[in-house]
Amino acid sequence: MSRISTALMLSAALAVSACANADRFNGMGDGSNANNRSLSNAPVPGSAQDPRSPAYFQQTVGDRVLFLIDQSTLTPEGRATLDGQAQWLQTNSDYLAVIEGHADEQGTREYNLALGARRASAVQQYLISKGISPSRLKFVSYGKERPIAICSEEACYAKNRRAVTIISAGLTS
Amino acid sequence: MMTRLLALISALFMLSLPALAQDGPLRIEITEGVVEPLPYAVPDFVSESAGGSEMAAQLARVVADDLTGTGLFREIPRDAFISQITSFASPVQFADWKAINAQALITGAVTVNGDQLVVKFRVYDVFAGTELGAGLQFAGTTDGWRRMAHKVSDAVYSRITGEGGYFDSRVVFVSETGPKDDRRKRLGIMDYDGANVQYLTDSSSIVLAPRFSPTGDRVLYTSYETGFPRIHIINVGNVQSTILESREGDMSFAPRFAPNGQTVIYSLTQGANTDIFSMDVNSRQTSQLTTAPSIETAPSYSPDGNRIVFESDRSGTQQLYIMPTGGGEAQRISFGPGRYGTPVWSPRGDLIAFTKQNAGRFHIGVMRTDGSEERLLTASFLDEGPTWAPNGRVIMFTRETQGESGEASLYSVDISGRNLKKVRTPGGASDPSWGPLQP
């Protein structure tokens with residue numbers, strides 16, 4: 001997963017185009033990134049141990065919340081994750097976020113696009129309610145186009161019904 | 001590319017048709033659903049020029065594939081033939097074709113001259129011992145030979161069923177490659193039977209749900225090229241595409257042309273809410289047609305352009321509604337168990353095709369425009385996105401298989417529910433949009 005942190009660093013200049021990188025659909029990072037092998041105890045800047053890094057946001061804060069079937073209401077677990085996201089975004093105010101809404105495959109294409117938008121919007125509104133500036137938050141729905149788990153069972157569907165907050169370095173906001 | 005040059009025996013056409021419509025044997029009533037396909041013979045076309053025999057055989061093959069592929073006709077194998085057709089002009093030995101129970105006989109002739117191709121054909125009602133309709137001739141270039149074969153098929157189908165044909169038509173669709181969690185999509189365009197596939201976009205961004213214009217010259221589709229879903233319009237001739245709807249922060253998708261080819265209806269998502277809008281393609285002026293806080297999407301015009309059918313979850317689940325073209329009060333038309341989405345108005349105006357989800361299964365179905373006489377035509381793990389053949393008798397749709405190796409394919413089915421079959425495509429395929437009969 002070292003490609004993720006590389007991609008995120010590269011994205012500094014290309015905040016929006018980084019969204020076209022399909023790597024991030026392949027689930028959570030596993031923390032085995034090359035920078036972790038540093039002998040120093042201090043976290044390497046940008047590594048998953050650096051609390052200011054997008055990798056830390058993804059792996060430790062938690063970049064995603066899950067939803068019930070055909071629902072866009074945030075669960076208590078989801079709200080707890082988003083509280084952490086809001087806190088991180090408050091602290092790291094030079095980062096922007098794109099919230100990606102997704103649906104499982106049990107639904108028609110158009111409806112799932114709209115449903116994914118509801119989910120992403122629910123996350124966006126929650127973060128705004130926690131004091132994050134709307135100007136830092138964009139959202140997009142992928143409907144059922146980008147599953148991360150590919151079996152046709154509830155175990156996979158549950159992982160796919162998600163909203164993922166993608167952090168990118170922005171210009172000064 | 002092709003002109004209809006002459007009608008050879010138009011007087012006979014005028015005389016024979018009324019008689020056949022009443023009591024002639026050579027007539028298929030499609031509305032009833034055909035249980036027993038009509039047996040017919042199509043010998044290799046006669047080559048009337050040097051080097052034309054291969055083309056003559058291929059043309060007859062495509063005509064047979066078209067007709068047999070409808071499920072309404074059954075081809076009699078060549079080895080059963082008693083007579084051969086060696087001259088297009090010679091009288092037909094009806095007794096020989098009767099003996100093998102060929103109710104219809106199709107003969108043709110081909111002249112190849114450089115890259116120029118002329119195709120003639122006749123259709124015979126074997127048991128009446130007469131020609132059915134007038135002989136016709138098409139001229140064009142050799143690279144358009146499949147279209148000429150389809151034109152022959154359309155004429156034969158039309159004379160025997162009394163319905164318009166659909167063989168000389170094209171389908172725009174999404175070509176899919178790669179595994180389920182890294183699927184690559186690009187727009188493809190092909191003949192209705194899967195031949196002559198060409199690609200309109202590359203697979204660098206997700207593309208969804210292309211829709212032909214009424215004349216087939218342009219295609220609307222949704223692309224993630226900007227990172228966000230936006231409606232694009234592409235000119236099929238020169239493959240130039242532009243973004244049609246690009247409001248900052250909003251998503252636009254599910255576009256469809258009005259019958260006038262000037263107006264587009266589509267969904268626009270603003271915040272959590274998705275509504276239906278219309279846009280004039282030239283002026284880019286938009287108007288909002290729905291205002292409910294629910295999901296309104298998948299709009300489709302009636303063929304007269306006066307009404308719009310769409311799906312909405314305003315009642316709590318996806319259901320079908322009809323509203324006037326300018327917006328306003330909508331009438332719900334779907335009331336059965338389950339959820340209804342992706343409604344598409346038939347080109348004949350009589351039916352609405354839809355996707356239905358019920359009890360964990362997906363179906364393609366049709367209902368009358370008041371919601372009555374609902375009939376489910378298919379059932380599978382995932383069927384969705386119906387599109388109508390130009391004659392309103394056949395529906396093409398996406399079928400996706402289950403599980404980790406799940407793949408999307410195109411299928412077609414008669415509105416009777418018969419003749420379900422897979423459409424041949426080079427790889428995975430989804431989101432078909434069936435274009436008009438070509439001129």
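Naming convention: chains lettered A, B, ... in sequence-line order (proteins, then strands); numbering from 1 in each chain.
Heavy atoms closer than 4.5 Å to chain B are found in both the backbone and the side chain of A:S152. Using a 4.5 Å cut-off between heavy atoms, B:T355 touches chain A through its side chain atoms alone. Both the backbone and the side chain of A:S141 come within contact range of chain B, judged by heavy atoms closer than 4.5 Å. With a 4.5 Å cut-off on non-hydrogen atoms, A:E105 touches chain B through its backbone and its side chain both. Only the side chain of B:E311 comes within less than 4.5 Å of a heavy atom of chain A; its backbone N, CA, C and O stay farther away. Both the backbone and the side chain of B:I295 come within contact range of chain A, with heavy atoms under 4.5 Å apart. Residue A:N160 does not touch chain B at all, counting heavy-atom pairs closer than 4.5 Å. B:E248 touches chain A through its side chain: at least one heavy atom from C-beta onward sits under 4.5 Å away, while N, CA, C and O do not. With a threshold of 4.5 angstrom between heavy atoms, B:Q357 approaches chain A through side-chain atoms but not through N, CA, C or O.
Relative to the ring axis of B:Y224, A:R146 does not place its NZ or CZ within 45° and under 6.0 Å from the centre.
Counting all heavy atoms, side chain and backbone alike, A:Y111 lies closest to B:T297 at N-CG2, 4.3 Å. In plain terms, the two heavy atoms of B:D181 and A:P147 that are nearest each other are CB-O, 3.5 Å. In terms of heavy-atom proximity, A:A114 sits nearest to B:T274 at CB-OG1, 3.5 Å. Pairing each heavy atom of B:S430 with each of A:R109, the nearest pair is CB-NH2, 3.8 Å. Closest approach of B:F362 and A:Q106 over heavy atoms only: CZ-C, 4.0 Å.
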Notebook entry, point to check: Under the salt bridge (charged side-chain N to carboxylate O under 4.0 Å, His left out) criterion, do A:K144 and B:E384 qualify, and how do the steps go?
Noted result: CA-CA 13 Å; A:K144 59 176 174 179; B:E384 71 170 309; 2.5 Å; yes
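Each of B:E400, B:M251, B:Q402, B:Q318 has some count of heavy-atom pairs under 4.5 Å with chain A, and the biggest count is that of B:Q318. For the options A:Q124, A:Q125, A:E145, A:R118, heavy-atom pairs under 4.5 Å to chain B are most numerous at A:R118. Ranking A:A120, A:G107, A:G143 against chain B, the residue ahead of the rest is A:G107, based on heavy-atom pairs under 4.5 Å. The choice from B:S267, B:A254, B:G271 that makes the most heavy-atom pairs within less than 4.5 Å of chain A is B:G271.
Of the inter-residue distances, the one linking B:R183 atom CZ with A:I150 atom CD1 reads 9.0 Å to the nearest 0.5 angstrom. With rounding to the nearest 0.5 angstrom, the SG atom of A:C151 is 7.5 Å from the NZ atom of B:K180.
No more than 12 heavy atoms of other residues, nucleotides or ligands lie within 6.0 Å of CD in A:Q87, so this atom counts as exposed by the packing criterion.
Between B:R211 and A:E110 there is a salt bridge, with a side-chain nitrogen of the basic residue lying less than 4.0 Å from a carboxylate oxygen of the acidic one.
Residues A:L115 and B:D313 have side chains not in contact (no heavy-atom distance under 4.5 Å, counting atoms from C-beta outward).
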